[in-house]
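See structure below.
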Amino acid sequence: MKKNSDKTNHLIDMSFKSAAIKDPLKMDNTIAANYRGYVILDPDKDFVLNNETGKILENSCPTHAITYQNDNNDLKIHLDNGKCILCGNCQVKSPELIKITNKFDLAKKTNKIDKIFGRSLAIREIDAGSCNGCEIEINALNNSVYDIERFGITFVASPRHADVLLVTGPASKNMEKALKIAYDSTPNPKIVIAVGACACSGGIFGNNYATTGGIDNIVPVNVYIPGCPPRPQALLYGILMAINKI
Ligand code: SF4
Ligand code: SF4
């Protein structure tokens with residue numbers, strides 16, 4: 001066998017560049033141009049709201065996130081991002097009114113949360129009947145790109161060790177009792193975060209014989225993070241919002 005005289009061939013390149021995004025939330029609030037984030041009503045000059053356009057829009061939405069009302073000729077369109085699964089149908093039907101932005105800062109807080117959670121946070125994730133799309137994004141929080149532990153936030157195995165319950169899924173009737181038990185097992189003070197359109201409102205599953213139509217029908221929710229699924233930055237934004245870091 002021929003001996004390799006070039007010693008540098010045997011050296012492994014140890015130069016290491018961190019894969020982590022410096023600050024995932026300082027990305028101008030925008031991601032890839034085709035990412036579907038916040039949906040807004042932004043009528044341009046060609047849009048006329050009448051019974052026909054209102055009904056077309058309402059019927060285009062599979063989760064009833066868009067509702068049209070005609071109260072004695074007072075015409076209104078209402079959009080609920082918590083129910084939106086980002087399918088894009090409404091924008092196809094009515095590009096003169098609907099704009100799907102690529103902003104991820106969708107989370108909403110329902111009440112003021114105690115500052116006690118400022119320094120570190122233990123999260124217990126609960127899948128209450130999700131399709132696992134949300135879990136894939138939650139998993140990404142722990143990878144070297146998003147690296148949630150740099151914020152002092154860790155995932156734990158038991159609700160008894162948790163400050164936060166991060167809940168996905170509509171929740172299914174089969175998970176209703178388990179979710180209640182997990183909530184009761186989490187020490188006070190605690191935060192509940194609903195992740196994804198399903199947990200926020202029932203999402204694509206809605207409220208039917210097998211689901212409960214959103215986890216706030218079972219446990220009190222402090223923060224809602226819409227999306228289907230919400231991307232890691234949206235999750236991080238919502239979690240940091242929960243501990244008053246946003
Ligand atoms: S993008 Fe959202 S609001 Fe529009 S039709 Fe789909 S679910 Fe409804
Ligand atoms: S919000 Fe979307 S991705 Fe998340 S569990 Fe529901 S259907 Fe799946």
Side-chain angles (χ1 to χ4, degrees), residues 31 33-44 47 49 53-69 76-104 106-108 123 125-141 165-176 178-179 192-208 210-218 221 223-239:
I31 319 289
N34 58 357
Y35 167 68
R36 288 179 186 163
Y38 215 165
V39 181
I40 54 169
L41 299 173
D42 183 18
D44 63 32
F47 181 75
L49 180 58
T53 53
K55 285 283 167 204
I56 288 173
L57 257 173
E58 192 176 58
N59 293 334
S60 70
C61 183
T63 58
H64 309 295
I66 298 176
T67 47
Y68 167 66
Q69 281 175 340
K76 279 184 198 149
I77 288 276
H78 180 255
L79 173 67
D80 182 349
N81 267 282
K83 291 184 177 175
C84 175
I85 55 162
L86 305 173
C87 68
N89 280 355
C90 53
Q91 193 181 38
V92 172
K93 294 280 180 199
S94 187
E96 313 87 12
L97 175 65
I98 301 283
K99 308 279 180 277
I100 301 185
T101 69
N102 56 0
K103 294 190 171 182
F104 62 79
L106 294 127
K108 291 277 177 296
I123 297 177
E125 200 270 342
I126 297 180
D127 177 344
S130 92
C131 74
N132 276 3
C134 284
E135 273 67 26
I136 289 173
E137 302 300 313
I138 291 170
N139 277 345
L141 289 174
L165 295 181
L166 195 67
V167 188
T168 63
S172 66
K173 290 257 163 78
N174 285 345
M175 281 300 291
E176 189 175 351
L179 180 55
V192 177
I193 302 179
V195 171
C198 289
C200 291
S201 65
I204 194 66
F205 299 105
N207 191 354
N208 62 47
T211 66
T212 58
I215 65 158
D216 56 5
N217 290 322
I218 303 171
V221 172
V223 175
Y224 294 87
I225 307 178
C228 185
R231 61 177 294 130
Q233 283 100 336
L235 295 167
L236 195 53
Y237 180 86
I239 293 166

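Order of listing sets the numbers, starting from 1, for every ligand and every atom in it.
Around atom 8 (Fe) of ligand 2, the protein contributes the following N, O or S atoms at distances under 2.8 Å: Cys131 SG.
Counting protein heavy atoms only, atom 8 (Fe) of ligand 1 is closest to Cys61 SG, 2.3 Å. Remark: minimum distance from atom 1 (S) of ligand 1 to any protein heavy atom is reached at Gly88 N, 3.2 Å. For atom 7 (S) of ligand 1, the nearest protein heavy atom (residue, atom name, distance) is Ile85 N, 3.4 Å. Closest to atom 2 (Fe) of ligand 1 among all protein heavy atoms lies Cys84 SG, 2.3 Å. Considering only non-hydrogen protein atoms, atom 4 (Fe) of ligand 1 sits nearest to Cys90 SG, 2.2 Å.
Here the options are Ile193, Asp216, Leu165, Val167, the test is side-chain contact (heavy atoms from CB on, under 4.5 Å), and the partner is Val221; only Asp216 passes.
When each atom of ligand 2 is checked for a heavy atom of Gly227 under 4.0 Å away, the hits are 1 (S).
When non-hydrogen atoms are compared, ligand 1 lies under 4.0 Å from the side chain of Thr63 (C-beta onward) but not from its backbone.
For atom 6 (Fe) of ligand 1, the N/O/S atoms of Cys87 include one lying under 2.8 Å.
By the 4.0 Å N-to-carboxylate-O rule, Lys55 lies close enough to Glu58 to be salt-bridged with it.
Atom OG1 of residue Thr211 and atom CD1 of residue Ile204 lie 11.5 Å apart, to the nearest 0.5 angstrom.
Contact record, Ile100 with Val39: CG1-CG2, 4.1 Å, taken as the closest heavy-atom pair.
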